[in-house]
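Remarks on the structure that follows.
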Amino acid sequence: MTLNPQTPKAYRLLHDGILAFARAEQQGIRVDLDYVEKKKIWVTNKMDKLEDHFKRTNLYHHWAHAVKGKININSGTQLAHFLYNVKKIEPVKFTVTGKGATDEEALKQLNIPELDILLDRTRYKKAWDVLNGFEKEQVTGFVHPFFNLHLVRTYRSSSDSPNFQNIPKRDEEIMQICRRALVPREGHQLVEIDFSGLEVRIAACYHKDPKMLEYINDPKSDMHRDMAIQIFMLDKFDKTKHNILRQAAKNGFVFPEFYGDYFGNCAIGMAYTWCKLPQSKWDRGQGITLDGDNFTISDHLIAKGISSLDDFTDHIRVIEKDFWENRFPDYAEWKDRWWKIYQKYGYVDLLTGFRCSGVMGKNDSINYPVQGAAFHCNLWTFIELDRIMQKEKWDTHLIGQIHDSIIMDVHPAELPHVIETAKRVAGTDLRNAWPWIIVPLDIDIEYCPIDGNWSEKVKL
DNA sequence: GGAACTCGCCAC
DNA sequence: AAACGTGGCGAGTTCC
């Protein structure tokens with residue numbers, strides 16, 4: 001892609017950003033090499049046991065026979081051929097090239113217990129790959145991930161060698177295995193600051209939808225809670241019992257809708273990923289259990305008259321229509337307007353002074369400027385903290401960044417000052433520098449114990 | 001023997 | 001009518 005800053009200030013942001021990132025790259029992140037070495041063996045053992053278990057199944061022997069002994073359990077291609085051509089199972093999911101898929105979602109739905117062993121092994125293999133990456137890239141006990149500003153078409157950053165922006169987090173066990181490897185310098189602690197709801201807030205700077213601004217400005221309001229109530233037809237929202245449904249609404253409906261997805265995919269995603277419900281007709285007792293109740297999500301939905309994925313999809317269709325027509329009409333209008341601008345001029349401009357051009361679809365023309373400008377808020381904050389860190393000669397260092405967050409290796413005595421500074425830079429200075437930010441911005445802080453590791457991160 | 005591709009999976 | 005944005009990386013596979 002071609003970098004396309006339209007103003008000296010925009011150019012300057014990248015120039016200063018590269019220099020600040022270079023300092024973080026040079027600093028690096030400390031790795032517990034003893035741990036990595038031992039844990040890789042442990043993970044290998046785990047994988048071997050699962051492999052042995054799988055090798056004792058009939059499915060394995062059929063597969064081995066089908067490929068004349070040249071079986072490779074790491075090969076999705078081979079598995080697809082065996083399942084869909086040899087065994088003639090009808091795929092429930094297809095890849096972009098139209099072949100039967102063998103990812104987790106596809107295999108789970110085949111209801112073949114033997115395949116669960118294979119899927120479990122894949123989890124550990126992922127962990128092994130991450131640990132191996134740290135080991136391969138470390139130099140005298142430190143990894144030095146690169147943070148690139150010239151590779152992403154939305155003007156976000158990328159990271160490599162190792163990629164510091166995709167270390168497992170969601171799967172608790174795999175997260176623990178991987179993040180335990182990253183530690184602070186002696187006597188220090190790892191701290192992460194992250195912007196709350198950054199992309200949603202920056203999007204609001206473009207479309208200025210009053211309902212969205214209300215959600216952002218009123219700390220008592222909660223868009224995801226409201227959507228959970230609507231989607232799952234809750235009479236009363238219980239913070240602990242229904243938190244999983246709030247997560248489902250947020251990550252399965254609200255965010256995909258903002259990215260340009262539609263109700264069909266959202267319904268499938270929410271039913272499968274979050275509620276653990278099958279694609280067929282739902283029976284009572286299926287799916288996740290609502291915390292503190294002897295009551296599953298299917299019990300609840302069936303009682304509300306929704307007893308299959310088809311019913312649920314119809315339901316989400318209505319909610320989508322309401323979402324864009326009644327809840328966020330100005331946001332919806334902005335999306336159409338922005339797409340028309342792209343169609344007329346062939347480019348869209350970011351609020352931060354950059355231009356996106358080239359062939360784009362509607363979703364791109366809406367997503368790129370939001371993603372880019374949101375990241376630039378994080379970049380500006382990174383640059384400013386880096387500048388202050390040098391000027392005040394902190395024994396605290398910026399060591400990484402993940403789109404809307406900054407990771408630091410902090411001297412404990414400096415922690416209060418670092419937090420205070422970060423809150424001021426992100427919450428006040430940034431808005432003063434960029435008056436187009438018409439929404440409040442704030443950061444959440446997470447920290448690890450002194451001499452702890454990155455898996456021990458907790459909210460302040 | 002390496003480049004290019006596909007697939008799957010991790011993050012935001 | 002059609003239908004999810006941005007990356008990196010490993011492994012397997014195919015092509016030249």
Side-chain angles (χ1 to χ4, degrees), chain A residues 1 67 70-81 93-107 118-119 121-134 136-137 145-171 174-175 177-179 192 194-200 202-203 250-269 273 313 316-317 320 335 356 360-372 374-375 378 400-407:
Chain A
M1 83 149 216
V67 293
K70 290 184 181 168
I71 185 166
N72 179 351
I73 59 170
N74 290 317
S75 169
T77 319
Q78 228 182 65
L79 179 58
H81 176 259
K93 194 184 165 190
F94 297 87
T95 67
V96 279
T97 52
K99 288 177 270 193
T102 55
D103 62 6
E104 187 193 345
E105 186 183 347
L107 296 186
L118 219 47
L119 286 171
R121 183 180 172 277
T122 306
R123 292 171 58 237
Y124 292 101
K125 188 175 183 314
K126 182 72 192 178
W128 191 90
D129 286 344
V130 172
L131 292 179
N132 192 48
F134 291 160
K136 229 171 48 183
E137 294 293 343
F146 290 107
F147 296 99
N148 315 297
L149 283 174
H150 64 297
L151 294 176
V152 182
R153 65 183 85 185
T154 60
Y155 294 97
R156 262 196 186 179
S157 64
S158 70
S159 170
D160 65 87
S161 310
N163 184 349
F164 189 62
Q165 296 180 325
N166 71 344
I167 301 168
K169 185 176 189 175
R170 221 194 78 220
D171 183 326
I174 301 306
M175 179 284 283
I177 294 171
C178 296
R179 297 191 173 208
E192 178 165 5
D194 79 294
F195 281 93
S196 17
L198 186 59
E199 278 192 20
V200 168
I202 294 310
K250 176 183 172 185
N251 297 314
F253 181 80
V254 178
F255 284 161
E257 285 287 341
F258 288 162
Y259 283 141
D261 205 356
Y262 86 114
F263 64 87
N265 286 336
C266 292
I268 293 171
T273 305
T313 303
I316 300 302
R317 179 196 288 124
E320 180 187 81
K335 294 206 301 180
C356 290
M360 285 186 236
K362 181 177 180 184
N363 290 342
D364 302 330
S365 72
I366 290 150
N367 285 324
Y368 291 4
V370 174
Q371 276 198 7
F375 167 68
N378 199 48
Q401 156 276 134
I402 315 179
H403 307 306
D404 65 354
S405 77
I406 294 167
I407 295 91

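Since the structure is predicted, the reported quantities are computational estimates derived from the model, not experimental observations. Just so it is clear: chains get the letters A, B, ... in the order the sequence lines come, proteins before strands, and each one is counted from 1.
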Heavy atoms only: give me the nearest [X]-[Y] pair and the separation to one decimal.
| X | Y | answer |
| --- | --- | --- |
| A/Glu320 | A/Asp261 | OE2-O, 4.0 Å |
| A/Phe164 | A/Gly400 | CE2-CA, 4.2 Å |
| A/Tyr368 | A/Cys356 | CB-SG, 3.9 Å |
| A/Pro145 | A/Pro162 | CB-O, 3.2 Å |

Heavy atoms under 4.0 Å, any strand shown: does [X] hit a base, just sugar-phosphate, or nothing?
| X | value |
| --- | --- |
| A/Phe255 | nothing |
| A/Gly76 | nothing |
| A/Asp364 | sugar-phosphate |
| A/Ser157 | nothing |
| A/Thr102 | sugar-phosphate |
| A/Ala101 | sugar-phosphate |
| A/Val96 | sugar-phosphate |
| A/Asn148 | nothing |
| A/Asn166 | base |
| A/Lys93 | nothing |
| A/Glu199 | nothing |

Length of the line joining [X]:[atom1] and [N]:[atom2], which is rounded to integer Å:
| X | N | atom1 | atom2 | result |
| --- | --- | --- | --- | --- |
| A/Asp129 | C/dG12 | CG | P | 10 Å |
| A/Lys125 | C/dG12 | NZ | C1' | 10 Å |
| A/Leu107 | B/dG8 | CG | P | 8 Å |
| A/Arg179 | B/dC10 | CZ | P | 13 Å |
| A/His403 | B/dC12 | NE2 | P | 8 Å |
| A/Ile167 | C/dG8 | CD1 | P | 15 Å |
| A/Phe146 | C/dG8 | CZ | P | 13 Å |
| A/Tyr368 | C/dG7 | OH | C1' | 11 Å |

Nearest listed nucleotide, side chain of [X], among [options]:
| X | options | result |
| --- | --- | --- |
| A/Ser161 | C/dT13, C/dC9, C/dC4 | C/dC9 |
| A/Ser158 | B/dC12, C/dG12, C/dG8 | C/dG8 |
| A/Leu151 | C/dG8, B/dA11, C/dT6 | C/dG8 |
| A/Asn363 | C/dT6, C/dG12, C/dC4 | C/dC4 |

Determine whether any donor atom in the side chain of A/Gln371 lies under 3.5 Å from an acceptor atom in the base of C/dG5, or the reverse, and answer yes or no. yes
Go through the N and O atoms of the side chain of A/Arg156 and the base of B/dC12, and report whether any donor-acceptor pair is under 3.5 Å. yes
Only one of A/Thr95, A/Leu79, A/Thr77 clears side-chain contact (heavy atoms from CB on, under 4.5 Å) with A/Thr102; which? A/Leu79
dist A/Ser405:OG -> A/Glu192:CD (nearest 0.5 Å) comes out at 3.5 Å
Check the phosphate of B/dC7 against A/Lys99, side-chain N and O only, distance under 4.0 Å to OP1 or OP2. Yes or no? yes
